Amino acid sequence: MSMKRIDLFLSERELDRVCKALRKAGAPGYSVMRHVTGMGVGGEISEAMDFSSFGANAHLIVFCKPEQLTPIQEAVRPLLQRFGGVGFLSEAEPF
Amino acid sequence: MSMKRIDLFLSERELDRVCKALRKAGAPGYSVMRHVTGMGVGGEISEAMDFSSFGANAHLIVFCKPEQLTPIQEAVRPLLQRFGGVGFLSEAEPF
Amino acid sequence: MSMKRIDLFLSERELDRVCKALRKAGAPGYSVMRHVTGMGVGGEISEAMDFSSFGANAHLIVFCKPEQLTPIQEAVRPLLQRFGGVGFLSEAEPF
Amino acid sequence: MQSSLVLQNLLSAPVLFFFLGILAVLLGSDLEIPSPLPKLFSLYLLLAIGFRGGVELAHSGLGSLVLLTISAAVLMSILVPISSFVMLRTRLDPYNAAAVAASYGSISAVTFITAQSFLNVLKVPFDGFMVAALALMESPAIVVGVVMAKLTGSNVAERDGEQAQGLRWREILQEAFLNGSIFLLIGSLVIGYLVAAFSPAGVEKMDPFTEKLFYGALCFFLLDMGLIAAQRLQDLRQAGAFLIGFAVLAPLLHALAGLAIARLLGLNQGDALLFMVLCASASYIAVPAAMRMTVPQANPSLYISTSLGVTFPFNVVVGIPTYMALVQRFIPAG
Amino acid sequence: MQSSLVLQNLLSAPVLFFFLGILAVLLGSDLEIPSPLPKLFSLYLLLAIGFRGGVELAHSGLGSLVLLTISAAVLMSILVPISSFVMLRTRLDPYNAAAVAASYGSISAVTFITAQSFLNVLKVPFDGFMVAALALMESPAIVVGVVMAKLTGSNVAERDGEQAQGLRWREILQEAFLNGSIFLLIGSLVIGYLVAAFSPAGVEKMDPFTEKLFYGALCFFLLDMGLIAAQRLQDLRQAGAFLIGFAVLAPLLHALAGLAIARLLGLNQGDALLFMVLCASASYIAVPAAMRMTVPQANPSLYISTSLGVTFPFNVVVGIPTYMALVQRFIPAG
Amino acid sequence: MQSSLVLQNLLSAPVLFFFLGILAVLLGSDLEIPSPLPKLFSLYLLLAIGFRGGVELAHSGLGSLVLLTISAAVLMSILVPISSFVMLRTRLDPYNAAAVAASYGSISAVTFITAQSFLNVLKVPFDGFMVAALALMESPAIVVGVVMAKLTGSNVAERDGEQAQGLRWREILQEAFLNGSIFLLIGSLVIGYLVAAFSPAGVEKMDPFTEKLFYGALCFFLLDMGLIAAQRLQDLRQAGAFLIGFAVLAPLLHALAGLAIARLLGLNQGDALLFMVLCASASYIAVPAAMRMTVPQANPSLYISTSLGVTFPFNVVVGIPTYMALVQRFIPAG
Ligand SMILES: Nc1ncnc2c1ncn2[C@@H]1O[C@H](COP(=O)(O)O)[C@@H](O)[C@H]1O
Ligand SMILES: Nc1ncnc2c1ncn2[C@@H]1O[C@H](COP(=O)(O)O)[C@@H](O)[C@H]1O
Ligand SMILES: Nc1ncnc2c1ncn2[C@@H]1O[C@H](COP(=O)(O)O)[C@@H](O)[C@H]1O
Ligand code: NA
Ligand code: NA
Ligand code: NA
């Protein structure tokens with residue numbers, strides 16, 4: 001059985017919003033790693049501002065069936081566009 | 001050279017058990033991220049209960065040769081079945 | 001559009017050096033997870049020595065265009081060889 | 001009288017910080033005490049309460065009243081899960097019934113500490129050996145809970161395949177006695193006892209850490225408990241009316257049983273309140289962690305949301321002053 | 001006289017630890033205070049400062065001078081972002097101008113605390129109600145900043161598509177009043193007030209945590225602030241000379257405005273200094289977090305590096321003693 | 001006499017908590033002090049010990065005994081790694097020999113603190129300037145260790161390619177003098193000195209944090225050190241009998257050398273014990289971190305497991321009282 005793997009990197013402050021969008025779009029599950037730092041077009045993100053509630057990045061992983069991909073893309077892409085963040089796609093299968 | 005990538009998501013409380021199983025099954029190495037939250041058929045897992053030793057999820061990554069896959073699957077699958085947790089597979093190669 | 005995904009696992013103490021190498025080699029972005037534990041040819045790495053500045057491992061993820069791969073490999077491989085650490089490659093595409 | 005007790009409790013700093021945490025969640029504030037900071041406070045509170053209890057135990061000695069009280073407490077931690085299990089089985093499957101029952105047989109150290117603070121404000125004395133009772137009530141409840149789950153859950157062996165035949169005693173005892181929080185509490189108790197007995201100068205040197213800092217750290221931790229308890233409230237829909245009712249009535253019932261025993265034993269007013277609180281409170285630290293390992297069939301959000309989302313706030317806000325009113329009515333003063 | 005004030009400030013433990021942090025970065029040390037430990041200290045400081053302010057507010061009562069001073073502070077937190085915005089718009093786009101302006105309208109609690117420590121060393125008394133002013137200056141500046149960004153940023157609705165029509169008031173007010181640090185500060189203030197008013201014994205029990213520990217915890221946190229501020233210095237190249245100039249001149253200007261108001265209100269020397277510090281300081285806790293959510297078009301490294309990398313060190317090292325010299329010159333003693 | 005010293009040490013709170021940690025691992029408890037909480041305590045202890053040492057240095061001044069003692073300490077931190085290297089080379093390759101040798105030339109701050117607590121209990125006075133010796137013994141050992149590894153490790157340049165020609169002095173000195181823990185310790189020492197000399201009121205205000213809290217925080221940290229040391233025990237199989245023997249005999253040998261020097265210098269009993277402990281203890285904080293960077297060819301589990309798994313427990317449990325018995329025998333009292 002073929003599956004899709006989605007990797008999202010976005011601000012921790014947008015995390016709740018994106019998770020809600022994923023659930024609404026029918027994602028069968030997801031995993032979240034917080035305290036992710038990194039670099040992208042928006043510059044460098046460090047954990048240094050963690051003492052405020054500014055937050056670093058989060059890494060969201062979703063494994064889903066191919067037919068679930070489109071609704072997820074439609075739900076998540078506008079959020080990435082508005083607040084920054086990137087997403088990548090790859091092939092997977094069940095373990 | 002083709003390799004397999006295994007992504008496992010399971011309760012932190014099961015982590016030691018699964019790592020032991022991986023070593024016994026001949027995994028050449030693995031990496032562990034703790035404090036992973038997420039959602040699956042077992043509902044939502046947050047870090048809120050972290051003050052007890054209840055624990056959140058862990059993300060285990062194993063890169064192995066194709067012929068090492070079957071013993072790993074046989075060792076890990078029963079543990080996922082018993083305690084919850086999911087696994088996914090994809091293709092990779094050395095860097 | 002096809003992309004390459006690079007997964008690096010290395011000591012937190014080498015992190016700055018490798019990130020600098022990535023930026024110099026033209027990586028379009030990267031994400032870092034610290035506090036990663038694991039096992040490899042160099043034995044087990046735990047978080048137990050975290051109270052000193054010994055550090056655990058870091059997990060570095062880079063998504064890049066196929067033509068960006070070679071300079072990145074040339075910049076990062078010598079560092080992995082010198083200090084330990086492993087890297088893996090897989091296929092991806094934009095989300 | 002009781003309403004003044006309730007008010008006095010409500011306007012104490014720990015309870016107010018607990019409310020502040022609840023309010024933050026209800027209003028949608030992003031106030032967060034990130035992991036592992038709550039763990040720091042929970043480790044600190046266990047270490048401090050254990051050490052102080054050990055010191056006081058060394059001073060009071062192990063007289064017959066002490067031993068009797070501790071025995072009665074342990075007995076309650078065996079009987080309460082059994083009676084609760086019977087009640088809960090009317091609506092829940094054996095796994096969930098056993099896991100919830102184990103929580104109510106065990107104790108909540110934070111509720112106990114809050115009751116101690118309350119007694120301090122009222123200037124009602126109490127004995128240090130009650131901490132020993134607290135420490136010894138966790139493990140039996142866990143063992144009883146797991147055994148009930150295994151005995152009544154029919155298809156366990158089937159589901160788990162060959163390795164699961166019979167009770168895995170090693171694992172159960174490990175969870176019951178070597179669970180991190182139980183181990184730290186009992187260990188600190190023993191250390192407090194040894195230090196008080198053999199190098200009393202050490203007690204004084206620990207004082208700023210274990211004694212002076214305690215009240216403020218409790219406030220900080222209760223702020224977090226408020227955040228967590230309020231987050232649990234949404235899980236309550238899943239739990240349903242039956243379980244919510246249980247979460248309010250069980251503490252009252254167990255507190256009354258505790259009151260009867262306290263009177264029988266002839267405890268003073270302070271100890272009687274603490275004994276009631278031990279019986280009435282439900283565990284959300286050691287027991288859920290143990291159940292997640294030993295009874296994976298049970299749904300954690302059921303046993304956590306009842307003990308942490310309902311019974312804990314109920315005891316801290318309403319229960320403690322109510323029990324105190326009963327104590328003042330039925331237990332002769334000093 | 002002023003040079004002795006500067007020296008006295010420079011050789012105080014908090015400022016020395018701040019320098020130690022800066023030095024660590026400049027020399028390339030790997031000294032690090034890993035996340036979330038800085039958050040522990042920032043939560044602690046907010047809780048402690050709020051609680052202590054509430055207690056002192058209960059003692060001083062809400063007289064007309066108190067209410068007038070607080071009103072003047074709130075007014076400043078509205079006027080300062082507007083005037084700053086006008087200045088900043090000469091060089092920056094509306095989003096960045098609004099975000100920086102909001103920072104300078106709001107306050108820095110750590111600068112305020114450092115000023116209090118400085119007054120303590122000089123044995124100049126000050127009033128607790130200034131903490132209430134501090135707490136109430138964060139939210140208005142955020143609201144004003146966001147509103148200015150939305151009103152002058154032309155293509156907002158376009159960029160955000162249909163969901164973004166008009167001002168999202170719910171989101172703005174949420175960030176302005178329910179931001180974790182603002183909420184904790186105001187909540188602790190209210191709790192301090194209630195405890196002092198209704199169960200004064202609780203104040204004494206909190207004392208070792210909120211009062212005794214405070215100075216040391218401030219040093220620890222300032223060590224971290226030194227590390228962070230120095231890391232921000234490299235972002236300054238991006239900010240450019242205009243913004244760096246603003247980051248030094250704005251606090252002086254706002255401090256002078258504060259001095260005039262303090263004199264008008266007839267504040268004592270200590271309160272006058274604190275009022276000036278409130279006006280002169282810029283937020284790097286609540287405002288950046290709020291701006292990242294509500295004005296995502298602005299570049300965080302601009303508003304963080306100016307407030308945290310320039311204005312904060314400037315105020316802590318040079319500003320506070322300078323303002324004190326002005327106070328001693330223009331505000332009559334005791 | 002000695003057995004009573006051993007007992008007195010064993011029944012002190014810090015050592016008991018250390019045992020509790022070891023016991024937790026041996027029994028298989030899941031007690032865990034999650035990262036970065038141990039780092040919080042280690043940062044705190046370094047800051048507090050440095051600050052207090054600086055304050056006492058300001059009081060005692062920099063007399064000739066002080067300077068002589070510090071010089072002798074630094075000398076030992078150069079000689080010990082050289083002699084240890086010669087011994088270790090009989091069985092280990094140059095990289096591992098150098099890394100282990102560097103550990104034993106350096107010091108363990110926690111062992112030092114535990115010895116101070118022990119002296120406090122015995123009411124034996126000691127001088128604050130010993131902390132300066134402690135602070136200055138880390139860096140030379142690191143430099144000597146790295147230099148020996150580079151000089152005797154034949155194929156270094158080959159393995160590392162062109163960039164590795166010769167000694168990378170910048171990197172070595174960076175690790176030796178700017179390692180986070182060394183930097184914080186020395187920095188806090190200087191700050192303590194400055195504050196005590198120029199604004200003595202600050203010393204009193206730091207007291208609750210750096211002084212009062214210290215003993216309890218040490219207990220908490222030693223609980224964690226017990227957990228970690230016990231986990232290291234399993235690595236010992238890899239280390240083998242030779243290295244385990246070294247880890248027990250080296251501290252005894254170095255303590256005796258320290259005793260001789262202390263007698264020569266005419267140190268008092270307290271300072272003599274601390275000097276012996278500095279010589280006898282091995283680093284598991286600064287040195288391993290530095291070695292992992294500068295001698296990546298060495299196997300960390302060898303140098304960590306000997307210093308942390310064997311020498312540290314040995315010193316804390318048996319060594320300190322043994323050295324004290326020697327001090328009482330060979331150093332004239334008061
Ligand atoms: N090419 C990339 N590979 C891996 N992570 C990336 C990449 N680009 C961006 N990221 C992550 O996504 C975050 C937001 O990216 P951006 O919106 O481009 O600033 C960055 O801070 C990184 O953590
Ligand atoms: N489809 C999925 N994609 C990514 N992570 C998942 C997925 N399903 C489950 N998980 C992770 O695995 C954990 C356990 O899953 P489950 O056993 O289904 O509750 C969840 O809490 C998630 O962290
Ligand atoms: N096959 C593997 N799969 C996943 N992670 C690995 C693997 N091999 C090594 N690692 C990670 O890379 C780190 C360094 O590896 P090594 O240099 O082989 O000791 C290990 O501690 C693991 O975290
Ligand atoms: Na109970
Ligand atoms: Na301001
Ligand atoms: Na040494």
Side-chain angles (χ1 to χ4, degrees), chain B residues 1-38 47 50 53 55-69 71-72 75-76 79 87-95, chain C residues 2-12 18 21-22 25 27 30-48 50 56-64 66 68-81 84-93:
Chain B
M1 193 181 84
S2 125
M3 296 185 81
K4 293 285 174 188
R5 174 196 175 115
I6 308 169
D7 283 275
L8 304 172
F9 300 91
L10 40 93
S11 162
E12 280 184 289
R13 291 188 72 73
E14 294 310 314
L15 191 56
D16 283 349
R17 222 181 283 238
V18 174
C19 289
K20 209 176 282 176
L22 282 174
R23 283 195 297 269
K24 251 180 88 182
Y30 55 80
S31 293
V32 179
M33 272 145 279
R34 289 175 59 178
H35 312 295
V36 175
T37 55
E47 268 195 304
D50 210 43
S53 36
N57 287 336
H59 180 192
L60 248 155
I61 306 179
V62 188
F63 287 90
C64 66
K65 294 188 194 135
E67 61 269 27
Q68 295 170 319
L69 180 61
I72 292 176
V76 171
L79 293 171
F88 303 96
L89 207 60
S90 45
E91 299 296 320
E93 52 187 304
F95 171 67
Chain C
S2 126
M3 297 185 81
K4 293 286 174 189
R5 173 194 177 117
I6 307 169
D7 283 275
L8 304 172
F9 300 91
L10 41 91
S11 161
E12 281 183 288
V18 175
L22 283 173
Y30 55 80
S31 293
V32 179
M33 272 146 279
R34 289 176 59 178
H35 311 294
V36 175
T37 55
M39 197 262 287
V41 295
E44 269 189 66
I45 295 293
S46 80
E47 267 194 305
D50 210 42
N57 288 336
H59 179 193
L60 248 155
I61 306 180
V62 187
F63 288 89
C64 66
Q68 295 169 318
L69 181 60
T70 314
I72 292 177
Q73 281 175 320
E74 277 162 8
V76 171
R77 273 181 187 157
L79 294 171
L80 294 185
Q81 246 144 33
V86 295
F88 304 96
L89 207 61
S90 44
E91 299 294 321
E93 53 187 306

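Residue numbers begin at 1 in each chain, while the letters A, B, ... track the order of the sequences. Note that the structure is predicted; figures quoted are calculated from it, not measured. What's counted below: heavy atoms across the whole structure, side chains too, no hydrogens, waters or symmetry copies.
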Among C:Thr37, C:Val36, C:Asn57, C:Ile45, the one residue meeting side-chain contact (heavy atoms from CB on, under 4.5 Å) with B:Val32: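 That would be C:Thr37.
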
Atom pair [atom1] ([X]) and [atom2] ([Y]), whose distance is rounded to the nearest 0.5 Å:
{"X": "C:Met33", "Y": "B:His59", "atom1": "CE", "atom2": "NE2", "result": "8.5 Å"}
{"X": "C:Met39", "Y": "B:Cys19", "atom1": "CE", "atom2": "SG", "result": "8.5 Å"}
{"X": "B:Phe95", "Y": "C:Ile6", "atom1": "CZ", "atom2": "CD1", "result": "5.0 Å"}

Part of B:Leu60 lying under 4.5 Å from any heavy atom of chain C: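 Neither part.
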
Portion of B:Glu93 that has a non-hydrogen atom of chain C nearer than 4.5 angstrom: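 For B:Glu93, the contact with chain C is made by backbone and side chain together.
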
Atom of C:Ser90, atom of B:Glu91 and distance for their closest heavy-atom approach: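 In this case the closest contact between C:Ser90 and B:Glu91 is CB-O, 3.3 Å.
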
Chain B contact via C:Arg34 - which portion, at a heavy-atom distance below 4.5 Å: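 Nothing of C:Arg34, per the 4.5 Å heavy-atom cut-off to chain B.
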
Contacting region of C:Phe88 [heavy-atom separation from chain B under 4.5 Å]: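 Answer is both: backbone and side chain atoms of C:Phe88 are under 4.5 Å from chain B.
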
